[in-house]
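Comments concern the structure below.
Only a predicted model underlies this, so the values are computations on that prediction, with no experimental measurement involved. So you know, we letter chains A, B, ... as the sequences are listed, proteins then strands, and number each from 1. These values consider heavy atoms only, across backbone and side chains, with no hydrogens, waters or symmetry-generated copies.
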Amino acid sequence: MNLSSPPSGMVENRPWLTFFSHAILVAGVLLVAFPLYITFVASTLTLEQILSVPMPLVPGDQFWNNYTQVITAGSQRGAAAPVGRMMLNSLVVALVVPLGKISISIISAFAIVYFKFPLRNFFFWMIFVTLMLPVEVRIIPTFKVAADLGILNSYAGLTLPLIASATATFLFRQFFMTIPDELAEAARIDGAGPMRFFVDVLLPLSKTSMAALFVIQFIYGWNQYLWPLLITTDESMYTTVIGIKRMITGGDALTEWHLVMATAMLALLPPALVVMLMQKWFVKGLVETEK
Amino acid sequence: MAGVSFRDVKKNFGAVKVIHGVTMDVDDGEFVVIVGPSGCGKSTLLRMVAGLERISSGEISIGDRVVNDIEPMDRDIAMVFQNYALYPHMSVRQNMAYGLKIRKMSTADIEKRVHRAAEILELGTYLDRKPRELSGGQRQRVAMGRAIVREPKVFLFDEPLSNLDAKLRVQMRVELQALHRRLGTTSLYVTHDQVEAMTLAHRMIVMNAGRAEQIGAPIDVYQKPATTFVAGFIGSPPMNLFPTKVGGRPVLLGVRPEHLEPCAASDADYTADIILVEPLGADTLAHGSIEGTTMIARLPAATHVAEGKLPLRFDPAHRHYFEPDTGARIEV
């Protein structure tokens with residue numbers, strides 16, 4: 001079906017309604033896009049230009065200077081760590097957290113759904129109960145554990161505590177429960193052991209769920225603020241989101257806003273890219289109901 | 001090839017007894033249908049043969065080998081499920097080959113078997129399609145193909161035609177018969193559909209509440225139902241049962257709807273009060289009651305019946321007597 005021409009009779013042809021709905025859409029886009037545009041413009045100006053009133057609304061000529069300075073050296077007045085390193089740290093967190101979450105959750109969901117063992121329900125509910133405790137609630141004990149394990153200022157410290165996930169386990173459990181039992185039985189008759197069934201049947205069927213989780217958790221990992229703030233004291237382990245905060249020193253005049261804005265633009269890119277690239281998978285997952 | 005034998009097979013889930021002891025021998029190459037209403041334990045019995053349910057007590061053997069403690073894959077069986085249970089992400093070819101691949105059969109041999117099965121089932125042009133691109137009937141064929149390629153000693157069918165529409169069901173039933181004639185593999189087939197049971201079975205097991213009420217050839221079961229349950233379950237519409245007395249002893253008289261015929265009032269065994277007439281084309285069903293007991297008569301299409309009084313008679317050769325309390329057949 002051609003989307004630009006809906007079947008006649010479904011949409012009424014009233015010109016001013018069309019105009020009105022488009023006006024609302026355009027207003028919505030502007031509302032979201034304008035601050036982003038200002039951020040981009042500010043990242044291409046000098047500090048003096050930003051502080052002048054009114055601030056110019058067309059991009060300046062400092063694009064290259066600001067971005068290279070931010071990536072290689074960082075802000076001079078705030079925290080001086082180069083943002084390149086922070087981007088790398090963020091990327092490690094944003095990749096290890098979803099991959100870790102997916103692998104651990106899918107295996108625990110597999111155990112809970114397909115194996116009968118003593119206290120199975122008890123363990124499921126234990127996992128489920130942790131859903132009710134957000135990171136913030138247990139952040140002090142978690143920090144204590146991380147400190148005792150000596151993983152402060154390390155990638156392990158940044159990622160491990162964020163990997164355990166009740167939400168993802170629950171999601172996979174629900175998905176596995178929609179897979180008919182006969183599929184597992186057919187595999188058993190075919191001679192596939194539990195792990196073989198997991199690898200040959202469950203994993204391929206979970207592909208789209210995994211992709212969706214990956215996108216959500218990538219953004220979750222990339223946007224982490226509180227936990228990295230606690231666990232890192234060494235500038236070389238800062239993540240980008242922390243980096244932005246550290247650049248803002250206090251007084252308006254002291255903050256190098258052009259560099260802050262450039263960093264903000266950089267911080268926007270990876271999540272946006274992941275969403276755009278993985279979008280195809282979502283659509284595919286929605287169109288093909290493989291069950 | 002091999003037969004299957006059940007030796008006092010019982011199954012309970014906790015305290016609930018589902019199968020109360022089934023003893024039977026299925027001969028090599030025989031097609032046996034297990035039929036009964038839902039919850040009668042027929043699927044459980046089949047799943048015990050497959051090894052998907054543990055046997056609580058008793059013994060099941062396939063060939064000369066007791067299989068109670070043998071894993072499903074080593075039992076030399078293949079199973080076709082009601083919902084097909086095809087692997088959704090694999091092509092038809094991969095679906096059929098999966099079990100053979102696990103058995104580490106050579107690629108050439110797998111190809112050969114898959115092609116032979118595809119040829120028997122006319123699936124040749126669909127080999128590279130995914131199950132979701134196939135119709136219900138085609139999926140069912142793939143499920144059978146997956147069973148055939150394993151060249152098992154026994155085929156197990158768990159209501160394989162229940163998900164198909166009526167027309168396709170008839171067609172697949174015929175194909176199943178042809179397939180069995182061609183391969184001659186011992187088959188156990190579970191269904192709740194008495195027509196499937198009558199047409200497919202060499203012998204059938206009629207199950208009710210975990211018991212095998214009657215085991216026998218379809219025509220024998222039809223002509224001599226062992227209990228009132230079997231009389232009601234096999235044959236459609238069910239047999240009419242009238243309370244009566246023989247030699248002063250209360251019994252239930254059973255007459256099938258097709259054995260009742262309209263007659264002159266003077267010849268009548270019974271006079272029915274007909275309340276509804278259903279002309280089906282090939283014949284006509286008359287619903288009503290005789291002396292307070294509801295009954296159905298199946299009359300030739302040409303018969304003109306109206307609602308109201310209808311004198312009926314039946315051939316004494318086609319009557320059955322049952323014990324009113326136990327429902328057991330009484331031979332006279």
In Å, rounded to the nearest 0.5 Å, how long is the span from [atom1] of [X] to [atom2] of [Y]?
X       : Y       : atom1 : atom2 : result
R47(B)  : E185(A) : CZ    : CD    : 4.0 Å
D190(A) : M73(B)  : CG    : CE    : 8.5 Å
R196(A) : K101(B) : CZ    : NZ    : 6.0 Å
Q82(B)  : E182(A) : CD    : CD    : 8.0 Å

Portion of D200(A) that has a non-hydrogen atom of chain B nearer than 4.5 angstrom: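 Both parts, backbone and side chain.
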Non-hydrogen atoms of chain B under 4.5 Å away: do they reach the side chain of A187(A), the backbone, both or neither?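 When you check distances to chain B, atoms from both the backbone and side chain of A187(A) fall under 4.5 Å.
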What residue in P72(B), A78(B), P131(B) has the most heavy-atom pairs under 4.5 Å with chain A?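 Between P72(B), A78(B), P131(B), the count favours P72(B).
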Looking at I102(B), V80(B), L100(B), D158(B), which has the largest count of heavy-atom pairs under 4.5 Å with chain A?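 With the most close heavy-atom pairs to chain A, the winner is I102(B).
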Considering all heavy atoms, the nearest A85(B)-A186(A) contact: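 The pair with the smallest heavy-atom distance is O-CB, 3.9 Å.
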Where G51(B) and R188(A) come nearest, the two heavy atoms and their spacing: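 Smallest heavy-atom distance, with atoms named: O-NH2, 3.4 Å.
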Determine whether more than 12 heavy atoms belonging to other residues, nucleotides or ligands lie under 6.0 Å from atom CZ of R138(A).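 Yes, because the 6.0 Å sphere around CZ of R138(A) holds more than 12 heavy atoms from other groups.
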E122(B) atom CD, neighbour heavy-atom count above 12 within 6.0 Å: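 Incorrect, the count does not exceed 12.
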Under 4.5 Å from any heavy atom of chain A, what part of Y87(B) do you find: side chain, backbone, both or neither?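 Both backbone and side chain of Y87(B) come within 4.5 Å of chain A.
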If you apply the rule side chain to side chain contact (heavy atoms under 4.5 Å, CB included), what do you find for R150(B) with I189(A), and how did you get there? CA-CA 10 Å; R150(B) 301 191 53 182; I189(A) 291 177; 2.9 Å; yes
F124(A): which residues meet the ring pair (Phe, Tyr, Trp, His ring centres under 6.0 Å) condition with it, sequence neighbours left out?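 In terms of ring pair (Phe, Tyr, Trp, His ring centres under 6.0 Å), with neighbours along the sequence ignored, F124(A) is linked to F128(A).
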Would you list the atom pairs, donor with acceptor, under 3.5 Å between side chains in residues 88-98 of chain A and any protein atom, with sequence neighbours excluded?
unit_1, atom_1, unit_2, atom_2, d
N89(A), OD1, Y155(A), OH, 2.6
N89(A), ND2, S236(A), O, 2.7
N89(A), ND2, Y238(A), O, 2.7
S90(A), OG, M86(A), O, 3.4
S90(A), OG, T240(A), N, 2.8
S90(A), OG, T240(A), OG1, 2.9

